[in-house]
Asker: 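Before we start, here is the structure in question, set down as structure tokens.
Model, not experiment: these values are computed from the prediction. Heavy atoms only: backbone and side chains are in, while hydrogens, waters and symmetry mates are out. Chain A is the first sequence line, chain B the second, and so forth, proteins listed ahead of strands; every chain is numbered from 1.
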Amino acid sequence: MSTNAELATIFERMAAMLELLGEDRFRVNAHARAARAIEALSGDVAEIAEDEKALTSIDGIGAKTAKKIREYVETGRVHEHDELLAKVPAGLLEVLDVPGLGPKTVRMMWQEKGVESIADLKRILDDGSILDLPRMGEKTVQNIRESLAFAAKSSERIRLGDALPIAERLVARLEKVKGVQRVAYAGSLRRGRETIGDLDILVSAKDGAAAREAFTGMEGVEKVLASGEKKSSVRLQAGKISVQADLRVVDDAAFGAALMYFTGSKEHNVRLRERAIRMGMTLNEYGLFPETEGEKPPQERGVKPVASRTEEEIYQALGMAFVPAELREDQGEVSDGWETPELVEVSDVRAELHAHTTASDGVMSIVELAQCAKARGFHTIAVTDHSKSSVIAHGLDEARLRKHIEQVREANGRVKGITILAGSEVDIHADGSLDYDDELLAELDVVVASPHAALRQETKEATKRLLRAVAHPLVHVLGHPTGRIINRREGLQPDMAEVAAAAAEHGTALEINCNHLRLDLRDRDVRIALEHGALLALNCDVHAEDDFDELRYGVLTGRRGGLTPDRCINTWGAKKLHGWLKKKRGG
DNA sequence: GCCGTTTTCGGCCCGACTGTTTTCAGTCG
């Protein structure tokens, strides 16, 4: 784990432990916010910590937090964290993660019943002594049991590429319900995060009850967790995916405010509300309201909102540029002077530079692949089958590759309306050397160099390895740079700033592999790459026709990192792209 | 513990739903 991630985890745990000790909630919140601030940093916290002012200038990090950060950088420990660990049983933090159990309840279980772990929780559930606790009845107990079972079944967050199609089906279904006006998915899914905790669906309707009934009665609903007039929650089984889905029903006039609220992030919303208050207004999911006297919230007193129908008008009324959903993470986008970047879109992408055919582990021929790419409006497709070391993927040895190049050239002459480039996805060996010699690499139009094995290297070794590949004069693109698989394999953890700086220096593009299992580079690494001046490639790593559809996940990831078309080689016109590729072939 | 268009103290976002309660605490997002 990087220093940033380690420190963020420490502050997160401190927040949880302080909460369990019944500490002041604002102090708890300050620790949680510091954790998020550290996690969101694009630079190495250890480097930033060298300059005292730089640390405290970060939102959410004050003098005391800065001191703890420096203590960690110097000694590898935060003594306050150690003290808390001595006071709070480690297993109690897992109990706190059980849905429906919050700090008050867990603290009570701990103090009254000696619960220090999930096993202890199960014990008081089984012997019934949990019922001795105040506010603990049969239904609550049953809900805790089900939460435990659910947590055991789906302990991890759902991948973006699994969640988005489910959400789209829910939206399509609700759009058909009579009286429904607008439907949208929101939450971390709309923000394009690589994994999603649950699905948030928003509906405006003349008849809220019909929408609610359609939602809770939908195919795949295993349990209705809550069903009120304005809000419903269900547990849903869709294929192998088990997920919670929340439905919120609002008046169409408040759709924008609700969408904004439901899209989050929570931190972004908090900043917006603080901004509204400074401007003499108040913001909630019903709209942006002028500040008025009254006990009840403004929407219940008939106060007319300043803005509520669309997100655009609310941002405008707050005196801000529109913030694309992918950038709503409280990373400076609510500050004065922030401007909306022209982020890359799916329709901008005109070339695929990473694709496999039946020669290695793809399922399409060269011509079939080219026709798919052409059908999507692409001007260029690169055939980049695996190199010889990828034995399982039927990687090509030198002789097969030479023959393959000929076949690609021949196909390029035959298929009109698209350029088919001869390339290779060349393995980067553990030491950073490549799987073919330079003479052969020089014959290829495109070289994507990717790590496939030895993915557990230490940071130092991994950095050295990738730096060598990036600096190789015949390499165009560093493919799936870390080799991570979401929820399955951590992959390499190189010093991304160093890799990005070298990529910028040598004119090598860093790939955002769009496959939803990979999304590699990840969002924060895209940001680092851009900050260091590197170019990015949005590649689908095509093995079959459907893989072209993975593009949108990569685009979302790129947008989260702030990727604009000018920095993404796949959006360039044919002439510019081919010229750039040829530059690494001496002209 | 952080922060400042209310600036070094005194606040700190806002609402829905459930379950156990007779008016609300706890949790969630």
Side-chain angles (χ1 to χ4, degrees), chain A residues 11 14-15 18-19 23-37 55-69 80 96-109 131 133-144 147 186-189 191 196-202 208 212 216 224-234 244-250 254 257-258 260-289 291 296-300 319 330 334 336:
Chain A
F11 275 93
M14 283 171 71
L18 288 168
E19 207 169 21
E23 286 281 339
D24 173 63
R25 67 193 169 100
F26 296 109
R27 201 170 154 235
V28 171
N29 196 26
H31 279 82
R33 191 176 164 197
R36 289 193 301 269
L55 268 185
T56 49
S57 71
I58 298 163
D59 263 356
I61 297 180
K64 289 193 177 173
T65 302
K67 203 172 158 207
K68 287 174 206 167
I69 292 173
E80 197 184 319
L96 191 58
D97 280 337
V98 175
L101 293 185
K104 298 272 170 63
T105 312
V106 175
R107 178 173 158 79
M108 192 171 65
M109 288 175 171
L131 290 164
L133 296 169
R135 306 191 58 82
M136 201 53 78
E138 286 293 346
K139 278 199 171 173
T140 305
V141 168
Q142 186 53 31
N143 285 337
I144 295 172
S147 286
S188 51
L189 179 61
R191 301 202 311 280
I196 270 83
D198 55 21
L199 302 176
D200 297 302
I201 311 287
L202 182 66
R212 183 175 74 235
T216 55
V224 178
L225 299 165
S227 185
E229 192 187 335
K230 297 173 174 169
K231 199 180 147 184
S232 303
S233 291
V234 299
Q244 181 176 328
D246 298 334
L247 177 79
R248 184 72 171 240
V249 183
V250 299
M260 201 166 187
Y261 166 77
F262 246 153
T263 298
S265 65
K266 195 167 181 290
E267 293 73 33
H268 178 80
N269 288 345
V270 169
R271 295 286 157 263
L272 292 183
R273 287 175 177 185
E274 287 171 354
R275 186 181 176 96
I277 289 169
R278 280 203 305 276
M279 294 174 74
M281 297 185 284
T282 170
L283 176 66
N284 61 30
E285 58 259 58
Y286 297 98
L288 180 65
F289 295 91
E291 200 175 324
K296 288 180 172 179
Q299 69 274 10
E300 288 179 26
D330 186 23
V334 186
D336 284 327

Asker: Does B/dC14 have OP1 or OP2 under 4.0 Å away from a side-chain N or O of A/Thr282?
Answerer: yes
Asker: Ignoring hydrogens and angles, are the base of B/dG29 and the side chain of A/Tyr261 linked by a donor-acceptor pair under 3.5 Å?
Answerer: yes
Asker: Considering only atom C1', compute the distance from B/dT27 to B/dT20 and round it to an integer number of Å.
Answerer: 14 Å
Asker: If we ignore hydrogens and angles and just use 3.5 Å, is the side chain of A/Ser147 paired with the main-chain N or O of A/Pro99 as donor and acceptor?
Answerer: yes
Asker: To the nearest angstrom, how far is A/Arg107 atom CZ from B/dG26 atom C1'?
Answerer: 15 Å
Asker: Using whole Å, what does the distance between atom P of nucleotide B/dC12 and atom CG of A/Leu272 come to?
Answerer: 18 Å
Asker: Return the nearest nucleotide to the side chain of A/Arg248; candidates are B/dC14, B/dA16, B/dG29.
Answerer: B/dA16
Asker: I want to check one thing: is the phosphate of B/dG1, taken as OP1 and OP2, less than 4.0 Å away from some side-chain N or O of A/Arg27?
Answerer: yes
Asker: Can you tell me how far C1' in B/dG26 sits from the matching atom in B/dG10, rounded to whole Å?
Answerer: 26 Å
Asker: Heavy atoms only, 4.0 Å cut-off, all strands: where does A/Ser233 land among base, sugar-phosphate and nothing?
Answerer: nothing
Asker: Within the structure provided, determine whether A/Ile61 and A/Arg33 are in side-chain contact (heavy-atom separation under 4.5 Å).
Answerer: no
Asker: With side-chain contact (heavy atoms from CB on, under 4.5 Å) as the test, pick out the partner of A/Leu202 among A/Val250, A/Val249, A/Thr263.
Answerer: A/Val250
Asker: Between atom NZ in A/Lys231 and atom P in B/dC28, what is the gap in whole Å?
Answerer: 10 Å
Asker: Rounded to whole angstroms, how far apart are CG on A/Asp59 and C1' on B/dG4?
Answerer: 12 Å
Asker: Expressed in whole Å, how much space separates the C1' atoms belonging to B/dC9 and B/dA16?
Answerer: 34 Å
Asker: Can you check the distance between B/dC2 and B/dC13, where both ends of the measurement are the C1' atom (answer in whole Å)?
Answerer: 16 Å
Asker: Between B/dC17 and B/dC12, how many Å separate the two P atoms, rounded to a whole number?
Answerer: 25 Å
Asker: What is the distance from NZ of A/Lys64 to P of B/dT8, rounded to the nearest Å?
Answerer: 18 Å
Asker: Please state the C1' separation for the pair B/dC3 and B/dT8 - nearest whole angstrom.
Answerer: 10 Å
Asker: Flag the pair A/Glu267 and A/Arg191 as a salt bridge only when some basic side-chain nitrogen lies within less than 4.0 angstrom of an acidic carboxylate oxygen.
Answerer: no
Asker: Roughly how far apart, to the nearest Å, are B/dT21 and B/dG29 at atom P?
Answerer: 24 Å
Asker: Look through every strand shown and name the nucleotide pairing with B/dT8 as Watson-Crick or G-U wobble, where both distances are under 3.5 Å.
Answerer: none
Asker: Which part of the nucleic acid, if any, lies within contact of A/Lys67, taking any heavy atom under 4.0 Å across all strands shown: a base, the sugar-phosphate backbone alone, or nothing?
Answerer: nothing
Asker: A/Met136 CE to B/dC24 C1': how many Å, rounded?
Answerer: 16 Å
Asker: Any side-chain N or O of A/Asn143 less than 4.0 Å from the OP1 or OP2 oxygen of B/dG19?
Answerer: yes
Asker: Rounding to a whole Å, what distance do you find between A/Glu285:CD and B/dA16:C1'?
Answerer: 8 Å
Asker: If you round to the nearest 0.5 Å, how far is CD of A/Glu138 from OG1 of A/Thr140?
Answerer: 9.5 Å
Asker: Report the distance from atom CG of A/Asp198 to atom P of B/dT27, rounded to the nearest whole Å.
Answerer: 18 Å
Asker: When the P atoms of B/dG1 and B/dT5 are considered, how many whole Å apart are they?
Answerer: 23 Å
